[in-house]
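These notes concern the structure reproduced below.
Sequential numbering from 1 along the given sequence is applied to the chain's residues. Hydrogens, waters and symmetry mates play no part in the numbers below; they use all other heavy atoms, side chains included.
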Amino acid sequence: MAARYCRSSDEVLSVLNNAKVQEKDLTSITQVLSFPEPSELDENLVLLELDNALLDLMNQGESLVFRGDKNESAVMCTKNRTFDVKVAEISNALALVPEILWGGDTKSNSSHEERTLSNKCVAKIFYEYLEVRPCGPRLQKLRSLLDKGQYSGPEYESEVQDSGVKLYTLHDLLHCIQASEEELLTALKENFVCCINGHWRFLEFNYHFRVLSLILGLVDENSWPLNGVVRGEVLETLSDVVPTVILDHLLDWYCTENSDGLTCTLRDDRICRYLGEVLLRPAGKFNLRDFLSAWQQSVPEGMVTDMKYLEGVAIKDISCQPQVVRFFPEWELPEDIAERFRILFHTREKWTIDDIRPYVERLTTNKMNVNALLTKYARASTLNGVKLYSARHGK
């Protein structure tokens with residue numbers, strides 16, 4: 001490798017003279033930049049732009065983590081937020097010079113000090129940088145990752161181990177899912193994923209129903225009011241047949257704790273929603289009147305069912321006679337927005353905003369809310385004073 005050329009003081013003075021710059025107008029230290037050979041450049045160096053808030057987090061010692069597989073566009077995460085990462089071009093090349101001197105560092109106390117040269121090597125020249133913008137967590141893979149490792153009760157755990165199915169800890173999920181830790185924990189809670197022996201798992205549907213039925217049966221057996229379920233007695237009575245961790249998860253999900261700290265109140269919305277799903281899953285489609293009757297009979301006495309509880313789970317078809325309701329879970333729809341709208345409008349030609357919202361709300365962003373998505377992917381019309389949305393391009 002050829003030795004790097006070093007500029008002399010006479011050459012610096014010659015350059016200043018050609019540039020019509022008076023030496024007396026400059027400080028006594030001249031920093032001479034040299035550029036490395038292409039093979040010497042550190043290709044691992046990238047330029048990242050951060051706003052003051054993110055910079056403050058770094059200065060406080062918080063980590064910024066990049067997440068994403070090779071086939072995914074990268075995101076950057078703090079503890080509680082996710083940011084989209086895009087490559088942006090720089091209009092002028094930007095040189096990175098380690099240990100460069102600034103301002104007063106190049107000044108001397110003597111006005112007659114001879115000029116000295118300080119050689120600096122450019123580490124890299126940047127023509128682009130990474131720009132980060134807030135975005136929602138990307139949770140599309142969460143359900144598919146966890147579905148294979150569903151929990152069906154302690155008697156089936158040996159089969160799960162023998163099958164070699166991957167079970168995921170929070171650490172594992174953070175390496176697979178593009179979301180901050182707080183956003184991921186929120187998603188796990190909202191989707192009723194249980195932490196069992198350190199692994200996050202869905203409850204198998206029939207097992208879930210069996211345990212919930214045991215809890216509701218105990219409530220009925222003791223004639224407890226809906227707002228007077230004795231949590232401790234539920235745990236004590238059922239812990240011989242159901243692991244305590246599962247009982248705790250279900251009681252946390254289906255109850256709200258009362259101020260006395262001893263009793264809790266059953267949640268109408270979640271219990272009605274789940275028992276409605278129990279009826280619809282095997283049938284797929286149900287006579288609406290028969291379904292509403294069977295659904296009301298299936299819930300604890302004192303609860304009143306309402307179709308709003310089945311948002312994102314089922315849809316009504318009032319265009320046929322008799323009217324029907326069908327199992328139509330949001331989580332089974334594709335993540336691609338255009339494909340999701342295609343399926344929605346194939347399933348039902350026209351939607352009200354209240355009916356379609358549960359099926360598109362999860363795909364919204366800070367810049368694209370439900371109304372904006374409908375404006376882009378649907379066509380609006382009005383019938384009898386009701387605004388309806390249909391496919392943007394008619395059949």
Side-chain angles (χ1 to χ4, degrees), residues 79-80 142 146 149-157 167-170 173 181-281 292 294-313:
K79 286 183 178 180
N80 56 10
L142 184 59
L146 300 180
Q150 293 184 22
Y151 183 83
S152 303
E155 62 271 28
Y156 294 101
E157 284 300 89
L167 301 181
Y168 292 86
T169 64
L170 181 63
L173 290 173
E181 183 171 341
E182 287 189 16
E183 289 170 325
L184 177 57
L185 286 170
T186 297
L188 291 170
K189 182 178 180 180
E190 290 177 347
N191 287 277
F192 190 56
V193 187
C194 301
C195 186
I196 305 169
N197 297 325
H199 297 100
W200 290 89
R201 303 169 69 180
F202 283 118
L203 296 186
E204 190 273 328
F205 190 80
N206 291 326
Y207 178 75
H208 183 158
F209 176 54
R210 180 156 58 92
V211 178
L212 178 58
S213 298
L214 289 172
I215 294 173
L216 296 181
L218 190 61
V219 172
D220 182 60
E221 181 183 325
N222 287 278
S223 300
W224 288 330
L226 299 182
N227 62 352
V229 178
V230 185
R231 181 177 181 126
E233 191 167 336
V234 173
L235 294 172
E236 183 179 351
T237 304
L238 298 180
S239 59
D240 288 340
V241 291
V242 180
T244 300
V245 63
I246 303 300
L247 292 172
D248 277 329
H249 273 295
L250 265 75
L251 289 170
D252 288 343
W253 181 252
Y254 288 112
C255 301
T256 54
E257 186 177 355
N258 295 334
S259 59
D260 61 15
L262 300 174
T263 61
C264 53
T265 300
L266 294 178
R267 292 189 53 162
D268 296 40
D269 55 346
R270 289 180 175 174
I271 290 177
C272 290
R273 180 183 179 89
Y274 191 77
L275 294 180
E277 186 178 342
V278 167
L279 292 173
L280 285 172
R281 261 185 186 252
L292 292 176
W295 187 23
Q296 181 60 57
Q297 293 175 37
S298 72
V299 304
E301 186 177 353
M303 286 189 181
V304 179
T305 57
D306 192 311
M307 282 300 296
K308 69 181 180 182
Y309 295 148
L310 294 180
E311 288 183 351
V313 173

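Atom OH of residue Tyr168 and atom CG of residue Leu142 lie 10.5 Å apart, to the nearest 0.5 angstrom. Atom CG of residue Leu185 and atom NZ of residue Lys79 lie 12.5 Å apart, to the nearest 0.5 angstrom. Summarising the geometry, atom CZ belonging to Arg210 is positioned 11.0 Å from atom CG belonging to Leu203; distances are rounded to the nearest 0.5 Å. The CG atom of Leu173 lies 5.5 Å from the CG atom of Leu146; values are rounded to the nearest 0.5 Å.
Nearest heavy atom pair, residue Tyr309 against residue Val304, reads CE1-O, 3.6 Å. Heavy-atom minimum distance, Ser298 versus Leu279: OG-CD1, 4.2 Å. Summarising the geometry of Asn80 relative to Glu182, their closest heavy-atom pair is CB-OE1, 3.1 Å, with the distance given to 0.1 Å. Of all heavy-atom pairs between Gln296 and Met303, the closest is NE2-O, 2.8 Å. Here the closest non-hydrogen pair linking Val299 and Cys272 is CG1-SG, 4.0 Å. Contact detail for Gln150 and Glu204: the closest heavy-atom pair is OE1-CA, 3.2 Å.
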Under 3.5 Å, which donor-acceptor pairs do the side chains of residues 238-257 form with other protein atoms, sequence neighbours left out?
| residue | atom | partner | partner atom | Å |
| --- | --- | --- | --- | --- |
| Ser239 | OG | Leu235 | O | 3.1 |
| Ser239 | OG | Glu236 | O | 3.4 |
| Asp248 | OD1 | Arg231 | NH2 | 3.1 |
| His249 | NE2 | Cys195 | N | 3.1 |
| His249 | NE2 | Cys195 | O | 3.4 |
| Asp252 | OD1 | Arg231 | NH1 | 2.9 |
| Asp252 | OD1 | Arg231 | NH2 | 3.0 |
| Tyr254 | OH | His208 | NE2 | 2.7 |

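Within 6.0 Å of CZ on Phe209 lie no more than 12 heavy atoms contributed by other residues, nucleotides or ligands.
A heavy-atom distance below 4.5 Å is not found between the side chains of His199 and Tyr151. Residues Leu226 and Glu301 fail the side-chain proximity criterion, which asks for heavy atoms closer than 4.5 Å. Looking at heavy atoms from C-beta onward, Leu216 lies in side-chain contact with Leu266 at the 4.5 angstrom threshold. Contact check for Leu184 versus Leu170: side-chain heavy atoms found under the 4.5 Å cut-off.
At least one donor-acceptor pair closer than 3.5 Å links the side chain of Arg273 to the backbone N or O of Glu311. The closest donor-acceptor contact from the side chain of Asn191 to the backbone of Val193 lies at 3.5 Å or more, if one exists at all. Using a distance-only test at 3.5 Å, with no hydrogens or angles considered, no donor-acceptor pair links the side chain of Trp295 to the main chain of Asp306.
Aromatic ring centroids of Tyr274 and Phe205 lie under 6.0 Å apart.
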(Q) Is there a side-chain contact (heavy atoms from CB on, under 4.5 Å) between Trp200 and Thr169? Walk through the geometry before answering. (A) CA-CA 6 Å; Trp200 290 89; Thr169 64; 5.6 Å; no
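When each of Leu214, Asn222, Asp220, Ile215 is checked for a side-chain contact (heavy atoms from CB on, under 4.5 Å) with Leu218, only Asn222 meets the rule.
A salt bridge does not link Arg270 to Glu190: none of the charged nitrogens lies less than 4.0 Å from a carboxylate oxygen.
Side-chain atoms of Thr263 and Asn227 form no donor-acceptor pair, as typed in the model, at a separation below 3.5 Å.
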